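Owing to the predicted nature of the structure, the values given are computational and were not obtained by experimental measurement. By convention in this document, chain letters (A, B, ...) are assigned in the order of the sequence lines, proteins followed by strands, and residues within each chain are numbered from 1.
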2 protein chains.
Amino acid sequence: MSAADFDDAVIVLSGGVGGAKLVQGFLAAMDPAKLIVVANTADDFEHLGLSISPDLDTLMYTLAGVHDEQQGWGRRDETWSFMEALEGLGGDTWFRLGDRDLATHVERTRRRQRGETLSQIAADLCRQLGVKSRLLPMSDDSVRTRFKTAEGWLDFQDYFVRQRCAPRIEEIRFEGAQQAALQPTLSAALHHRRLRAVVIAPSNPFISIEPILSVGGVRAAITGCAAPVIAVSPIIAGRAVKGPTEKMMREFGLPPGVDAVLHRYDGLIDAMLVDIVDANTVMIKSPQIFSAPLLMRTSEDKILLARAVLDVVDRFAGEARSTRAKS
Amino acid sequence: MSAADFDDAVIVLSGGVGGAKLVQGFLAAMDPAKLIVVANTADDFEHLGLSISPDLDTLMYTLAGVHDEQQGWGRRDETWSFMEALEGLGGDTWFRLGDRDLATHVERTRRRQRGETLSQIAADLCRQLGVKSRLLPMSDDSVRTRFKTAEGWLDFQDYFVRQRCAPRIEEIRFEGAQQAALQPTLSAALHHRRLRAVVIAPSNPFISIEPILSVGGVRAAITGCAAPVIAVSPIIAGRAVKGPTEKMMREFGLPPGVDAVLHRYDGLIDAMLVDIVDANTVMIKSPQIFSAPLLMRTSEDKILLARAVLDVVDRFAGEARSTRAKS
């Protein structure tokens, strides 16, 4: 890979379902070979002896066009025989693994046990699936999100899937983040002078984007990067499209809304894209606010939103680093 | 488990498909709770990071009535999504694993990594599947069949599945067999005074039965046991119903036939059941020879053969140990 590969490249920082929708839009709105998708891997876990990377896989399936469009995660034409049989054997079935999806986990586990990194495995599986974009885990080192609740510290999937986000969160930690090394390709891309943009997908700021930013060196590389940094709001009219973003804001004493997201990305972004319904309600006036319809129901919605993001990016083209809000 | 559980129990030593058919017959021909099935585990291997026990599973699925009646191995109503997806990821697909079957391997692997034995896992999975009989691996220690061929030493599944038994065999070894400990329940059953019979299923004598007999202490326990020991011929009219038995006999310089099997079990068995077509061709006259139709095509064939075996067993009932051929 030569540095020129990063010319005009767009880096998208993403969690699972919501971010994957925007990534799907980018595939149609720009040259897929110039798209670099960075996946949160702090939700990764070991289950049934398998290494599972939920966000990485949701993004891989989306990039490969083999994703389940309806549910937003997992593979198209999935079957569930494994899960049925496992239930019959008295196995653990709280985390649903489809038969096709399972091939990814078995193959990844086998390769990790052989010493391959998450990055190597993701790159190879993506090549096998014909993906033209680059998919990078946020780090090849282990980072694990843990939640402090009234019942004590919970692992991510225990909180998220088994307990369906019910416990009230007192604190979130990303264990291992400080010691985790910045993914080398991500580092090179963020330091490239001709990078086109860094986009923060409309993913949960607390548990999908924050872990990426917590990896040693990521936040500094983003604030120092030459390209504009644009966030897309995960909140529309005070509500999260999916997941516990809104509930977490309440638990952290933040009124659920775009301002809470802006507060979160303070000093990091040049602009934020909010929904048209929120355009006139934003209290914070820096960084710059742009608006577009954010709800992605159809393929066309996704493409239009990706184009809207790129339009915002283009407004910053050629602008000197020093004039930007985050500087 | 009390010793009385072994009163009138029938122990069947078995490999995969052929033995499983007779086991299915026994389920209908006798009290299933009195059936103790001992599986060859020398074909076990690690594949895709999973612990796979082909014969043990074929027998478990048969005992549970969830087996695929047509192909003789694997589970009924099987689906193949995992394999298809794995192929798309560039994974190893020479050993076919169905989606339902995979649940067994994933669950077994997880438990083995936790330190559970093959016996504990088999007993628990059988209980989950409603199996009334006892299924025992021949040992909880690792025994691995290896073949010396012109290309060097091959692992069992490499020879058997990947190379479809094509290489000429010069030597067979059961690595670990001498050091492997006799399965405790099998040991107790073989030493029980009121055991009804030991049956050697019509499995391949060289690679399905011999590994069981090679485990330290098994052969001595069988020759010393109080019950009659009856073998069912895996050869009908000089041909093996399935698998490489006949080819192996040729490679070992033995004319393929019932006599080669008898030679193999010399000193071990009290009687052998041969097919009616072979009844008058047997050269060796000791041990005693009985005949019945051995080909098991239908469920009824299986039940009739199991009954024929039990009829032979009953001829030895009450007979003093000293009068028998093997003594």
Side-chain angles (χ1 to χ4, degrees), chain A residues 46-52 56-57 60-61 64-68 74-93 95-116 120-131, chain B residues 46-52 56-57 60-61 64-68 74-93 95-116 120-131:
Chain A
E46 297 282 318
H47 184 57
L48 306 176
L50 301 170
S51 299
I52 300 181
L56 195 65
D57 290 345
M60 179 171 80
Y61 297 151
V66 299
H67 61 296
D68 183 314
R75 293 194 61 158
R76 175 175 306 164
D77 303 324
E78 190 56 287
T79 60
W80 300 91
S81 301
F82 168 80
M83 220 66 214
E84 271 178 34
L86 189 64
E87 189 165 16
L89 297 176
D92 229 348
T93 57
F95 194 88
R96 309 285 299 162
L97 294 169
D99 300 329
R100 290 181 201 282
D101 184 38
L102 198 60
T104 306
H105 311 313
V106 168
E107 184 65 2
R108 174 185 292 119
T109 304
R110 186 183 70 78
R111 292 184 176 202
R112 296 216 63 182
Q113 283 169 353
R114 237 170 38 178
E116 290 185 49
Q120 289 171 322
I121 299 164
D124 193 44
L125 297 188
C126 279
R127 198 183 61 241
Q128 291 282 349
L129 291 172
V131 171
Chain B
E46 297 282 317
H47 184 57
L48 305 175
L50 301 170
S51 298
I52 300 181
L56 195 64
D57 290 346
M60 180 172 77
Y61 298 151
V66 299
H67 61 295
D68 184 314
R75 293 194 58 158
R76 175 175 305 164
D77 303 324
E78 189 56 289
T79 61
W80 299 92
S81 302
F82 167 80
M83 220 68 215
E84 271 178 35
L86 189 65
E87 188 164 16
L89 297 175
D92 229 348
T93 57
F95 194 88
R96 311 283 300 161
L97 294 169
D99 300 329
R100 290 181 202 282
D101 184 39
L102 198 60
T104 306
H105 311 312
V106 168
E107 184 66 2
R108 174 185 293 121
T109 304
R110 185 183 72 77
R111 292 184 174 200
R112 295 217 63 182
Q113 285 169 354
R114 237 172 37 179
E116 291 185 48
Q120 288 171 322
I121 300 164
D124 194 42
L125 297 187
C126 280
R127 198 183 61 241
Q128 291 284 348
L129 290 171
V131 171

For the residue pair Leu48(A) and Arg110(B), what are the closest heavy atoms and their distance?
CA-CD, 3.6 Å
Can you tell which of Leu89(A), Leu86(A), Asp77(A) has the highest number of heavy-atom pairs within less than 4.5 Å of chain B?
Leu89(A)
Work out which heavy atom in Ser81(A) is nearest to a heavy atom in Thr79(B); give both atom names and the distance.
OG-OG1, 2.6 Å
Between chain A and each of Gly91(B), Gly49(B), Ala64(B), Gly88(B), count heavy-atom pairs under 4.5 Å; write down the option with the most.
Gly88(B)
Measure the spacing between CG of Asp99(A) and CE of Met83(B) and express it to the nearest 0.5 Å.
12.5 Å
Under 4.5 Å from any heavy atom of chain B, what part of Arg75(A) do you find: side chain, backbone, both or neither?
side chain
Closest-packed option against chain B by number of heavy-atom pairs under 4.5 Å, given Leu102(A), Thr104(A), Asp101(A)
Leu102(A)
Listed by chain and number, what are the salt bridge (charged side-chain N to carboxylate O under 4.0 Å, His left out) partners of Arg76(A), not counting sequence neighbours?
none
With Arg100(A) via salt bridge (charged side-chain N to carboxylate O under 4.0 Å, His left out) - residues at least two apart:
Glu84(B)
